[in-house]
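So the structure is just underneath, and the comments pick up after that.
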Number of protein chains: 2
Amino acid sequence: MIKNNKAIVQSVDRALSILQVFAQYEELGVTEISKLINLNKSTTYGLLSTLFEKGYVDKKPNGKYCLGLILLELGQYVQNRLNVRNTARPLLEELCEKYDETIHLVLCNRGEVYYVDKVESARSIVNITQVGKKVALHASSVGKAILAYMPVEEQERELALPLKQYTTYTITNPSELREHLSLVKENGYALDMEEIELGIRCIGVPIRNYTGEVIGAFSCSAPATRVSSEKLNEIIVAVKDTALNVSRRLGYKI
Amino acid sequence: MIKNNKAIVQSVDRALSILQVFAQYEELGVTEISKLINLNKSTTYGLLSTLFEKGYVDKKPNGKYCLGLILLELGQYVQNRLNVRNTARPLLEELCEKYDETIHLVLCNRGEVYYVDKVESARSIVNITQVGKKVALHASSVGKAILAYMPVEEQERELALPLKQYTTYTITNPSELREHLSLVKENGYALDMEEIELGIRCIGVPIRNYTGEVIGAFSCSAPATRVSSEKLNEIIVAVKDTALNVSRRLGYKI
DNA sequence: ATCCCATATTCTTGTATGCCGAACATCGCT
DNA sequence: AGCGATGTTCGGCATACAAGAATATGGGAT
């Protein structure tokens, strides 16, 4: 039962993998799933039935399976319990109101970075991001803000991965990105100049906890047309200031 | 492996039960969990480790376990894929704008009813409801709208459960509620007159699908002070009208 | 209608696998 | 230090699970 120094229960592991394939596919049949996770059909069927009984997957009228509403419930609990989010909320709302632009909050979790909150301005821009999604580390202001402060070996591991080109401005060259990140660290903020979506610019800053560790980041996103260079500088100051406030509320000293 | 005509995989079943206890407890240790679900400590440990490896639970700095961020991600997918929600959204937004009050959308799912969407007005009232939560069937307008149209035996099963008293106006007497529900059915809408939260009134109406079956409901919630009796009647008409529109878009005839 | 193919679901069986009890490690508390 | 209550590992046995095959079901094409 012990595998790689960890107690992994095979059937549970497999069942959870089933849930995860639904991240990519909205609906799937037994056979499809069994192929995707490389498992015997009847084995898959048993696991799926269990997930169904518990409400973790549902059956559509067409007979295909899909994710169940319980996941909505559990996801909601997660969201509400993220105390960083609760702490940051009011300050981010303030920031949102001040510039009337959208704010995104992201958190690091075991090597992954997720969007966990969003404060939308009334004149909201079209946004591809949504709460619960993983952050594109190399192509977003928040991602770069976090990358910049990672331990070197972790950062290098990320730089070694294929860097997806979202727009013509996306930095896809590892060494160029490495240089860029050291600049980010020097400045204390990261810019995203239409690197993930054309026409959108963001300013991202890291959030620290009481140990000084970077545990997340937030950003202010705006259409490029609304962000002149002096406006940009103004926002940078405000965003950095808010970040410091949030970090302090989380116990960060100085 | 076949139990009650269903193929249930024991360990998966147990692992999912572990996730579910976290609906009630924000953080738990191995021993606590094993007591709650009545399982051997080391068995619990194995399941928990698997959940942890996969990101379904996390470990807090204090060593306790809590729900993992993956659930946030999966919950998000569920939300986006609820097509009833997508269909209803624009109409509910229209309604929200018209009266500048908050709209809640709920859906039935295998005997449970969940809040799945919310359209908030600018002058939003304090609300205890949130997306992903289960609906209080006997004490909310949406809950009663759904209860009223349930098959009798299902309705009776609900009436037989303890009816929690939220405010002095909450109907906690089963026979009184039964009568109330027949009135709801006659009227085609349900009122919540401060029955779940003092000072809040709601008007709830059922949504039907192409088979005519009630599959959900939505409501308009407002502070009692803003809802005069003529205003109430006006809103009732609008809400019923919107409900019909939503149902039609889902294929309901007439 | 009929066949055919693909898919869902059930059955059976051997054995790997997950469960348990107990031992060990770690931590916080007095 | 010592105690009590946790988290974590170990080893053996029995059971619960995975796999393959067999059987339903259903939808499309002819």
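Lettering of chains follows the sequences in order, A, B, ..., and the numbering in each one begins at 1. In this text, all values refer to a predicted model and were calculated from it rather than measured experimentally. Heavy atoms only: backbone and side chains are in, while hydrogens, waters and symmetry mates are out.
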Looking at residues at least two apart in the chain, or sitting in another chain, which of them share a side-chain contact (heavy atoms from CB on, under 4.5 Å) with [X]?
| X | answer |
| --- | --- |
| B:E213 | B:N209, B:T211, B:I215 |
| B:E153 | B:P151, B:R157 |
| A:L107 | A:L82, A:V84, A:V116 |

Terminal helix-axis angle for the helix from C:dA1-D:dT30 to C:dT30-D:dA1, with five pairs defining each axis and rounding to 10 degrees: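 Taking the rotation axis at each end, their angle is 50°.
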
[X] [atom1] - [N] [atom2] separation (whole Å):
| X | N | atom1 | atom2 | result |
| --- | --- | --- | --- | --- |
| A:Q10 | C:dC19 | CD | P | 11 Å |
| B:I33 | D:dT8 | CD1 | P | 11 Å |
| A:N40 | D:dA22 | CG | P | 14 Å |
| A:L51 | D:dC17 | CG | P | 13 Å |

So, using salt bridge (charged side-chain N to carboxylate O under 4.0 Å, His left out) as the criterion, who are the partners of [X] when residues are at least two apart?
| X | answer |
| --- | --- |
| A:E156 | A:R178 |
| B:K64 | B:E32 |
| B:E94 | none |
| B:E26 | B:K60 |

Looking only at atom types and distance, does a side-chain atom of B:T43 sit under 3.5 Å from a main-chain N or O of B:L39, one as donor and one as acceptor?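 It does not hold such a pair.
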
Hey, what are the protein-to-nucleotides 4-9 of chain C N/O distances that come in under 3.5 Å?
residue: C:dA8; atom: OP1; partner: A:V30; partner atom: N; Å: 2.9
residue: C:dA8; atom: OP2; partner: A:V30; partner atom: N; Å: 3.2
residue: C:dA8; atom: OP2; partner: A:T31; partner atom: N; Å: 2.7
residue: C:dA8; atom: OP2; partner: A:T31; partner atom: OG1; Å: 2.5
residue: C:dA8; atom: N7; partner: A:K41; partner atom: NZ; Å: 3.3
residue: C:dA8; atom: N6; partner: A:K41; partner atom: NZ; Å: 3.4
residue: C:dT9; atom: OP1; partner: A:K59; partner atom: NZ; Å: 3.0
residue: C:dT9; atom: OP2; partner: A:Y65; partner atom: OH; Å: 3.0
residue: C:dT9; atom: O5'; partner: A:Y45; partner atom: OH; Å: 3.2

